[in-house]
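Just below is one structure, and these are the notes that go with it.
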Amino acid sequence: MSDLRLNPFTLATFAPEGAACFAYDREAQATGIVHFGIGAFHRAHQAWYTDHAMSAGDRDWAITGVSLRSGAVAHQMNPQEGLYTVTERASEAASTRIIGAVLDVLVAPYEPEAVAAALAAPATRIVSFTITEKGYCRAADGSLDPALAGEESVYPYLQQGLRRRRDAGLPGLTLMSCDNLAENGKQLARLMGEYLQRSDPALLAWFEAACTCPSTMVDRIVPATTADDRDAVAETLDGLRDEAAVLTEPFSQWVIEDCFANGRPAWDKVGAQFVADVRPYETAKLRMLNGAHSLLAYVGLSQGHTFVHEAIGDPAIRLLAEQLMREEAAPTITAAPGQDLDAYADALIERFANPALQHRLGQIAMDGSPKIPQRWLETLAANQRQGREAVSILEGIACWIKHLRGANGRVDDPMVRDLQTAVQTDNPITMLFGTTGLLASTWVPSESDRTAILSRLA
Ligand code: NAI
Ligand code: CS2
């Protein structure tokens with residue numbers, strides 16, 4: 001296997017025929033987007049849409065990525081001058097595209113000045129985020145946790161960049177969350193406001209007047225890339241190595257609230273949807289797709305499965321997932337005009353069953369504490385208000401508690417210490433849920449709920 005890396009020179013020299021390629025002059029594009037959390041999902045979703053938009057003639061939406069925690073992605077992408085590939089895999093075929101939309105990656109802790117300059121550059125119009133649910137530094141009640149929102153968080157970098165824009169008389173920015181949070185734009189606006197209220201009240205007024213925070217629903221299943229994946233991509237690239245390769249499914253969906261401070265790419269020309277209200281789409285996605293995903297993860301791991309397609313292929317687990325989606329989540333969702341939730345559930349089962357993705361249940365099982373409230377507890381609370389039980393989710397909760405007790409090995413969760421203390425007590429359900437639990441929500445477990453969970457823990 002050659003050590004030659006994919007980069008503009010090797011691309012021009014070897015022009016691998018097995019991959020489609022962007023169709024615009026990268027050198028001529030201004031950076032219009034700064035993206036925090038340039039992980040696998042951003043590269044397979046927003047950057048992929050932006051690449052298509054610029055290939056279709058849109059201009060000056062190149063991306064500067066920012067990593068807040070490690071230099072890993074910078075080391076993968078900067079030697080490639082930002083070039084990387086997206087490979088779509090379905091059971092019967094695969095297709096690879098070389099993406100040119102990302103120009104460089106900054107590692108914030110080592111180059112804060114470069115991050116501030118990127119945010120304050122006149123050509124920058126959008127700052128976007130895929131920093132995971134925990135990256136927003138929320139307390140259990142959803143407010144900003146000052147103990148988490150320290151200098152290593154996203155907030156001081158945003159403050160610095162916005163302050164420079166205000167002082168230079170530049171337009172505001174669109175702050176666009178692309179994380180799996182309910183009403184992600186509204187949450188980001190509130191959290192940024194809480195941060196500035198404490199740190200820079202004068203900037204708060206400018207932020208509220210000059211910036212916008214649209215909500216988005218984002219959907220594309222993007223498992224973490226493995227070494228075997230990279231080797232397979234190198235074969236497609238006639239031996240060129242792409243250390244930043246991402247692999248995903250053919251399906252992709254992006255629904256965006258059309259509320260931008262200073263323009264936006266023509267993402268709607270390449271498959272995205274601009275709407276006035278994202279909520280019907282995001283509620284369906286979070287409660288049906290993500291709710292079923294977390295169920296497959298914890299129940300699947302408890303049954304010895306490793307991948308999503310194995311868990312959905314287990315008849316007993318599939319039955320639980322179908323019940324969760326169709327009988328527990330769907331009745332709590334106010335569908336958008338034309339949105340067919342039954343057909344949506346059919347499509348999700350098919351997507352979960354895609355064996356080519358090798359999507360690890362362990363990846364989905366991570367960070368249960370910021371995921372479960374919007375994926376399961378909102379559904380439980382809505383069913384409780386209607387006098388209905390959601391027994392599939394209760395099964396999932398029992399398996400999550402077993403997971404927290406170490407049944408599947410190491411537990412990755414920002415609240416792991418408190419959670420593991422809670423599940424070792426005689427009363428884990430009270431410690432975890434209800435209005436005073438670690439995962440406070442409006443769902444208050446009934447005696448019947450408790451019996452259903454505890455009977456599965458025995
Ligand atoms: P990844 O692990 O490839 O990237 C995660 C990114 O978030 C990295 O840049 C990391 O540095 C950053 N990050 C992690 N913890 C952080 C923290 N506490 N503060 C600030 N930054 C932090 O993961 P991937 O696949 O890119 O997913 C990221 C997010 O994208 C998910 O959490 C989810 O919200 C969203 N998403 C992911 C999908 C997927 O299938 N992978 C699909 C739909 C949404
Ligand atoms: C998954 C999501 O890791 C997880 O929690 O449920 O990343 C899921 O793959 C995406 O939301 C699909 O759009």
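All values derive from a computational prediction rather than experimental measurement. Just so you know, ligand 1 is whichever comes first in the structure, and atom 1 is the first atom listed for that ligand.
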Quiz item: Does any N or O atom in Cys178 lie less than 3.5 angstrom from one in ligand 1, N or O only?
Solution: no
Exercise. Could you check Ile397, Ile453, Ile401, Ile372 and say which one makes a side chain to side chain contact (heavy atoms under 4.5 Å, CB included) with Leu432?
Key: Ile401
Quiz prompt | For atom 11 (O) of ligand 1, closest protein heavy-atom neighbour | solution = Arg69 CD, 3.9 Å
Quiz prompt | Test of proximity, Arg220 against ligand 1: N or O pairs below 3.5 Å | solution = yes
Quiz prompt | Heavy-atom protein neighbour under 4.0 angstrom from atom 23 (O) of ligand 1 | solution = no
Quiz prompt | Glu350 atom CD, neighbour heavy-atom count above 12 within 6.0 Å | solution = no
Quiz item: Using a heavy-atom cut-off of under 4.0 Å, does the side chain or the backbone of His45 touch ligand 1, or both, or neither?
Solution: neither
Practice problem: Answer yes or no for atom 2 (O) of ligand 1: protein heavy atom present at a distance under 4.0 Å? | Solution: no
Quiz item: For Ser252 and Tyr49, does a side-chain donor sit closer than 3.5 Å to a side-chain acceptor?
Solution: yes
Quiz item: Among all protein non-hydrogen atoms, which one is nearest to atom 40 (O) of ligand 1, and what is the separation to 0.1 Å?
Solution: Val222 N, 2.9 Å
Quiz item: Just wondering, are more than 12 heavy atoms of other shown residues or ligands nearer than 6.0 Å to CZ in Arg164?
Solution: yes
Quiz prompt | Lys NZ or Arg CZ of Arg264 over Phe274 ring: under 6.0 Å, within 45° | solution = yes
Self-check item: Numbering as shown, the atoms of ligand 2 that approach Lys371 to under 4.0 Å (heavy-atom distance)
Solution: 3 (O), 4 (C), 5 (O)
Quiz prompt | Arg279 atom CZ: more than 12 heavy-atom contacts under 6.0 Å | solution = no
Quiz prompt | Backbone or side-chain N or O of Gln363 under 3.5 Å from ligand 1 N or O | solution = no
Exercise. Could you tell me whether a side-chain N or O of Arg230 sits under 3.5 Å from a main-chain N or O of Arg241, the two making a donor and an acceptor?
Key: no
Quiz item: With a 4.0 Å cut-off on heavy atoms, does Ile221 reach ligand 1?
Solution: yes
Exercise. Considering the heavy atoms of Gly37, write down every atom of ligand 1 situated less than 4.0 Å from one of them.
Key: 9 (O)
Quiz item: Looking only at non-hydrogen atoms, which of Phe41, Phe129, Tyr136 approaches atom 36 (N) of ligand 1 most closely?
Solution: Phe41
Quiz prompt | Donor-acceptor pair, side chain of Asp258 and main chain of Ala276, under 3.5 angstrom | solution = no
Quiz item: Quick one: which ligand 1 atoms are inside 4.0 Å of a heavy atom on Gly135?
Solution: 17 (C), 18 (N), 19 (N)
Exercise. Taking only heavy atoms of Asp179 into account, list the atoms of ligand 1 that are under 4.0 Å away from them.
Key: 29 (C), 30 (O), 31 (C), 32 (O), 33 (C), 34 (O), 35 (C)
Exercise. Flag Lys285 as yes when one of its N or O atoms lies below 3.5 Å from any N or O atom of ligand 1, and as no otherwise.
Key: no
Quiz item: Within the distance-only criterion (no hydrogens, no angle test), does the side chain of Thr379 pair as donor or acceptor with the backbone N or O of Ala329 below 3.5 angstrom?
Solution: no
Exercise. Just jot down the ligand 1 atoms closer than 4.0 angstrom to any heavy atom of Lys134, in number order.
Key: 15 (N), 18 (N)
Practice problem: Can you establish whether the number of heavy atoms outside Lys134 located under 6.0 Å from its atom NZ is more than 12? | Solution: yes
Quiz prompt | Option of least heavy-atom distance to atom 20 (C) of ligand 1 (set: Leu68, Thr130, Val73, Asn184) | solution = Leu68
Quiz item: How about Arg287 and Thr332: does a side-chain donor come under 3.5 Å of a side-chain acceptor?
Solution: yes
Quiz item: Between the main-chain N or O of Gly172 and the side-chain N or O of Arg125, is there a donor-acceptor pair closer than 3.5 Å?
Solution: no
Self-check item: From the candidates Ile38, Thr132, Val154, the one that places a heavy atom nearest atom 32 (O) of ligand 1
Solution: Thr132
Quiz item: Quick one: which of Gln363, Lys285, His293, Glu133 has a heavy atom closest to atom 10 (C) of ligand 2?
Solution: Lys285
Exercise. Before signing off on this row, confirm whether His359 and ligand 2 have an N or O atom pair separated by under 3.5 Å.
Key: no
